[in-house]
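First up is the structure itself, then whatever we jot down about it.
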Amino acid sequence: MADAEQATARGSVRVATDVGGTFTDLVCFEADPETGHQIVRTAKVDTTPPDYERGVFEVLKKSDVAFADIAFLAHGTTVIINAVTERKGARTALITTEGFRDVLEIARGDRPNYFDLTYRKPPPFVPRYLRFEVPGRISYAGEELQPLDLSGLPEIVDALRAAEVEAVAICLLHSYANDAHEAETLAAVQRLAPELSAVASHQITRQWREYERTNTAVLSAYVKPAADRYLSKLNQTLEASEFGGQLYIMQSNCGVDTVDATRETPIKMVESGPASGVWGAAELGRLLGERNVLALDIGGTTAKCSLVEGGHVTIISDYWIERNRESAGYPILVPVVDLVEIGNGGGSIAWVDHLGRLHVGPRSAGADPGPVAYAKGGSEPTTTDANLALGRINADYFCGGAITADMAAVNGALDTLSGVLGVSREEAARGIVRIANHNMINALKLVSLNRGHDPRDFALVAFGGGGGMHASALAAELQIEKVIIPAESAVFAAWGMVMSDLRRDYFRTFLCDLDDDAPALLRETFGLMERQALAQFDSEGLDTTGVAFIRFARFRYRNQEHSAEVLLPDEGVTGGNLAAVRERFETNYEREYTYRLDTAVEVVGLHLVGQAEVGKLALVEKPVRGRDLADAEKGRRMVDFDLEGRHEATLYDGAMLEPGMTFNNPAIIEEAGATIVVRPGDDAAIDSYGNVILHVRQA
């Protein structure tokens with residue numbers, strides 16, 4: 001922290017950019033040379049697919065920050081998740097152990113709807129004719145049962161070239177226990193076909209589950225060429241623009257990492273944007289003394305939510321992409337923040353099904369053509385259009401005044417929808433907002449109630465362009481008393497990046513009973529993992545003196561399938577705390593599965609977190625300039641608050657609000673990139689950091 005403060009005092013600039021599905025955001029921190037106060041600048045431009053780096057440079061130019069002054073640049077991107085969901089990755093092949101060619105096809109037997117007898121598993125990313133086998137076998141204990149035979153590899157490489165394959169995934173049986181065969185195969189492929197992008201499963205994860213590990217290797221290979229091109233272009237263009245600082249890439253584990261490390265395993269940034277927002281919410285909660293928070297990010301395309309308990313963000317390694325009611329999805333065994341994401345945001349389209357029922361999302365208008373109000377060709381009403389029609393968003397200050405809202409087109413689109421539904425225009429708009437809120441409430445329940453947590457024990461931290469607009473209504477429904485809308489909430493995910501440490505998560509399958517022998521076994525294995533982590537940091541030229549480790553372990557009742565992860569004491573597992581560690585596991589297990597068992601407990605996996613500060617920013621209080629609340633008042637207008645009815649609301653300029661200001665009248669706070677709705681009966685206050693704190697009226 002001291003390094004960051006000293007750098008800021010010298011006038012260096014810290015910047016974070018976040019490429020979202022609709023907008024590319026920037027937040028910039030620098031010190032005022034005269035007063036020493038922290039100056040925060042933000043900017044927002046449309047995301048520019050497929051050349052996402054173009055949007056990054058557009059937002060940097062719009063912010064008017066000098067490239068040469070940037071000391072720290074953190075970057076989050078949707079390039080990886082987009083490559084997967086849009087099927088725009090590389091033509092990929094798989095090399096696996098003889099007899100296991102069809103692991104991807106067999107997958108898992110569970111299906112989203114057990115009563116759907118016509119269900120078909122999602123097709124694998126590698127077709128069968130591009131899946132190849134090599135003889136050799138390692139046991140689950142890491143012993144060689146059959147020597148590796150690569151005599152047929154030249155023929156396989158010839159077939160790869162003939163099929164115009166760009167990337168190769170290598171996943172051999174039980175390589176999590178012994179990677180010798182897999183490493184040898186990888187080296188041989190790189191020697192025979194250096195033009196191919198190759199990745200082996202042991203480079204990404206050291207966990208069991210053959211299907212999950214194979215699919216992880218495949219998806220990593222699938223996105224690696226695109227990620228390499230993107231990161232190379234981004235890095236090269238920055239260097240050509242006199243950028244002399246350090247570039248870090250946001251990972252899915254709520255930490256940042258170097259460009260070189262990210263290029264090796266790009267699948268680890270599959271959810272980098274949502275992760276930074278969750279981390280920002282956790283950091284802000286710790287700063288404000290709220291260690292239990294529900295983080296809610298409402299953007300233009302999606303809404304993401306996650307639960308933070310005791311200041312700790314939950315990181316999982318069994319993440320599934322595209323899992324929904326119709327598909328089992330695809331697993332990836334990489335560290336990802338535990339979140340729920342739904343297709344509901346400002347650009348979510350309202351539509352009516354064949355039974356006459358109104359739906360909102362998951363289809364989105366995106367940035368182009370965008371909501372109808374953009375006047376760029378959109379014709380179907382979105383959540384943003386409904387909020388405009390209800391007076392929640394100022395049509396004369398739309399997108400901070402950058403766009404003139406086409407209200408005639410908005411009203412026309414809503415009239416078309418209301419005609420289909422047989423209701424008034426206002427009722428149609430209210431219906432859109434209500435359904436969007438309902439979808440978000442369900443998502444918040446998935447990360448709280450469905451996992452044994454009472455949302456009333458948490459504060460809601462809401463951000464993104466739509467977070468402040470919907471937060472109060474969502475909190476009232478869940479009986480949450482306190483809502484925190486961060487300062488600069490529209491670009492809060494980018495803010496979270498400059499609050500992140502360099503972080504790497506290491507998972508390892510490890511089996512032993514939680515008995516008197518466990519402390520020595522766990523101490524030995526964690527020690528090995530820590531030495532390997534430090535060696536990796538050192539090989540990349542990173543300072544290892546400041547690396548701190550956090551240790552977790554996964555436990556289960558003996559022979560059960562389900563397990564629960566537990567944060568271990570700082571001193572690790574010892575003979576003196578065995579009972580306390582078991583109690584931690586059983587408490588977590590009971591909260592999730594509702595029961596305990598009087599039986600043996602066993603360890604099934606270890607999770608080591610290695611983290612180091614790399615310029616993390618210290619948040620400072622905002623100066624008080626002596627304004628009155630009346631100075632921030634912009635006027636009044638009638639606003640439809642849905643269940644609370646129509647009220648005359650006071651309009652406040654968010655940039656003019658100062659710490660210490662309070663009000664409890666129906667109000668709309670207008671910022672350049674976001675709108676905050678203060679419902680009738682809510683108490684609003686501006687804290688010392690410029691955050692809006694709402695104490696929500698309960699029904």
Side-chain angles (χ1 to χ4, degrees), residues 17-24 46-58 75-94 104 121-131 160 163-169 195-199 204 214-237 249-252 259 262-274 299-302 319-324 326-327 329-332 334 336 341 343 345 347 362-370:
T17 57
D18 177 33
V19 179
T22 305
F23 297 109
T24 295
D46 290 345
T47 294
T48 56
D51 302 319
Y52 294 97
E53 69 280 355
R54 181 164 55 86
V56 175
F57 288 97
E58 286 180 3
H75 177 62
T77 178
T78 57
V79 167
I80 300 304
I81 190 64
N82 288 342
V84 173
T85 58
E86 297 173 11
R87 302 300 190 268
K88 292 182 178 178
R91 182 187 289 270
T92 304
L94 170 67
L104 286 179
K121 296 174 184 176
F125 276 73
V126 179
R128 196 170 195 271
Y129 77 95
L130 290 180
R131 303 198 294 260
L160 298 179
E164 299 182 342
V165 166
E166 302 171 73
V168 182
E195 75 279 8
L196 294 179
S197 174
V199 63
I204 310 165
T214 303
N215 195 74
T216 301
V218 164
L219 286 182
S220 190
Y222 182 74
V223 301
K224 191 173 181 180
D228 190 63
R229 287 192 296 269
Y230 173 74
L231 292 174
S232 295
K233 287 169 66 176
L234 180 65
N235 208 23
Q236 290 167 6
T237 311
I249 307 300
M250 190 70 198
Q251 308 292 299
S252 303
V259 175
T262 303
R263 188 180 282 121
E264 287 300 311
T265 53
I267 194 66
K268 291 182 179 179
M269 59 173 176
V270 65
E271 291 288 5
S272 65
T301 306
T302 61
Y319 188 69
W320 291 73
I321 295 172
E322 298 183 3
R323 171 173 273 185
N324 53 45
E326 287 77 38
S327 173
Y330 301 90
I332 51 171
V334 296
V336 178
E341 183 170 6
R363 195 159 52 93
S364 174
D368 190 8

Show your reasoning for whether side chain to side chain contact (heavy atoms under 4.5 Å, CB included) applies to R128 and L104.
-> CA-CA 9 Å; R128 196 170 195 271; L104 286 179; over 6 Å; no
Could you give the distance from CD (E58) to CG (D46), rounded to the nearest 0.5 Å?
-> 8.5 Å
Going through the checks in order, is the side chain to side chain contact (heavy atoms under 4.5 Å, CB included) test met by Y52 and T47?
-> CA-CA 7 Å; Y52 294 97; T47 294; 3.6 Å; yes
Determine whether the side chains of E341 and T302 contain a donor N or O and an acceptor N or O closer than 3.5 Å.
-> yes
Do I249 and R263 touch side chain to side chain, with heavy atoms closer than 4.5 Å?
-> no
Nearest 0.5 Å please: distance from the CG atom of L94 over to the OH atom of Y222.
-> 15.0 Å
Is there side-chain contact between V270 and L219, with at least one heavy-atom pair below 4.5 Å?
-> no
Closest heavy-atom contact between R91 and V165?
-> O-CG1, 3.6 Å
Could you list the residues that satisfy side-chain hydrogen bond (donor to acceptor under 3.5 Å, both in side chains) with E86, not counting sequence neighbours?
-> K88
Taking C-beta and beyond as the side chain, do K268 and T262 meet within less than 4.5 Å on heavy atoms?
-> no
Decide yes or no for H75 and V19: does some side-chain heavy atom of the first lie under 4.5 Å from some side-chain heavy atom of the second?
-> yes
Answer whether the closest heavy-atom distance between the side chains of T24 and T48 falls below 4.5 Å.
-> no
4.5 Å side-chain heavy-atom contact, L234 and F57 = yes
Worked verdict on E271 versus I332 for side chain to side chain contact (heavy atoms under 4.5 Å, CB included) = CA-CA 12 Å; E271 291 288 5; I332 51 171; over 6 Å; no
Does T92 have any side-chain hydrogen bond (donor to acceptor under 3.5 Å, both in side chains) partners at least two apart in sequence or in another chain, and if so, which?
-> none
Give the minimum heavy-atom separation between P225 and A90, together with the two atoms involved.
-> CG-CB, 3.6 Å
With L196, which residues qualify under side-chain contact (heavy atoms from CB on, under 4.5 Å), at least two apart?
-> L160, V168, A193
